[in-house]
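Notes for the one structure printed next.
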Amino acid sequence: DAKTTQPPSMDCAEGRAANLPCNHSTISGNEYVYWYRQIHSQGPQYIIHGLKNNETNEMASLIITEDRKSSTLILPHATLRDTAVYYCIVRVASSNTGKLIFGQGTTLQVKP
Amino acid sequence: NAGVMQNPRHLVRRRGQEARLRCSPMKGHSHVYWYRQLPEEGLKFMVYLQKENIIDESGMPKERFSAEFPKEGPSILRIQQVVRGDSAAYFCASSPPTGRGAGKDTGELFFGEGSRLTVL
């Protein structure tokens with residue numbers, strides 16, 4: 001699986017959009033971009049994933065560049081409960097290897 | 001529709017004792033993964049199992065640690081002769097079977113809330 005690079009930490013004001021970048025310059029054509037988050041002491045939570053098109057769900061939007069070498073997770077209206085470590089992971093969906101490899105992620109601090 | 005269930009949520013052991021952590025995957029899921037998170041560190045993959053088979057144990061310590069996922073019952077992560085360095089949160093995740101008939105497979109893993117092991 002390709003490696004990802006994320007900034008170690010970011011701050012965001014409550015109510016504003018949080019834009020979390022991720023670089024994955026060695027991504028392969030069949031690898032998806034996944035985003036998970038871990039709120040303090042809880043189990044990781046799936047947020048969203050995509051291949052090449054932009055994706056949106058009730059939690060967030062995922063913007064993937066045309067060359068697929070980077071992506072941005074957008075939380076449109078951050079709340080204090082969105083304070084967490086956000087992980088960007090690339091892997092092949094439905095892969096028999098199954099596992100996700102977590103990096104260090106980005107610690108997002110949402111401030112009032 | 002219950003999520004991934006882990007127990008115990010908290011376990012205290014003295015050095016040299018055994019720790020057994022259990023994980024019941026989501027209904028219909030036949031793949032289980034175990035991760036370890038040491039204090040103030042990231043999630044580290046340990047082992048990936050399907051029913052009665054270990055698929056990938058590349059993250060398992062060579063000694064004292066073992067995992068199983070029997071045909072019936074939960075997956076078990078077993079740590080023998082625990083040491084203080086084993087103190088950590090252990091997370092289990094599950095995913096549905098892949099391949100024909102599995103329905104839509106997003107590649108998503110569903111995590112439990114973890115079991116926190118403290119070794120005195």
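The chains referred to below are lettered A, B, ... by the order of the sequence lines, with proteins before strands, and numbering in each begins at 1. Values below: all heavy atoms of this structure, side chains included; hydrogens, waters and symmetry mates excluded.
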ILVMFWY network linking B:Y90 to B:L11, side-chain heavy atoms under 4.5 angstrom: yes
How long is the span from the CG atom in A:L100 to the OH atom in B:Y33, to the nearest 0.5 Å? 7.5 Å
Would you say B:Y48 ends up clustered with A:Y46 if hydrophobic residues are merged whenever their side chains have heavy atoms under 4.5 Å apart, either directly or through other cluster members? yes
Looking at B:R15, I want to see if its CZ is surrounded by more than 12 non-hydrogen atoms of other residues, nucleotides or ligands under 6.0 Å. no
Around atom CD of B:Q81, are there more than 12 heavy atoms from other residues, nucleotides or ligands closer than 6.0 Å? no
Count I, L, V, M, F, W, Y as connected when their side-chain heavy atoms are under 4.5 Å apart, and connections chain through other members. Are B:M5 and B:M26 then in the same cluster? no
Centroid-centroid under 6.0 Å between B:Y35 and A:F102 rings: yes
Looking at A:M59, I'd like to know if its CE atom is crowded, meaning that more than 12 non-hydrogen atoms belonging to other residues, nucleotides or ligands lie closer than 6.0 Å. yes
Would you say the side-chain atoms of A:Y36 pair up with the backbone N or O of B:L109, donor to acceptor, closer than 3.5 Å? yes
To the closest 0.5 Å, what do you measure between CD (B:E41) and CD (A:Q104)? 8.0 Å
Is B:K51 atom NZ crowded by more than 12 heavy atoms from other residues, nucleotides or ligands, each under 6.0 Å away? yes
For chain A, which residues from residues 111-120 of chain B have at least one heavy atom closer than 4.5 Å to it? B:F111, B:G112, B:E113, B:R116
Quick check on B:Q37 against chain A: is it the side chain, the backbone, both or neither that has a heavy atom closer than 4.5 Å? side chain
Find out if a path of hydrophobic residues (ILVMFWY) with successive side-chain heavy-atom gaps under 4.5 Å connects B:F65 to B:V32. yes
Same apolar cluster (I L V M F W Y, side chains within < 4.5 Å links), B:L21/B:F69: yes
Spacing of B:E108 atom CD and A:Q45 atom CD [to the nearest 0.5 Å]: 9.5 Å
So which residues of residues 37-44 of chain A are in contact with chain B at a heavy-atom cut-off of under 4.5 Å? A:Q38, A:S41, A:Q42, A:G43, A:P44
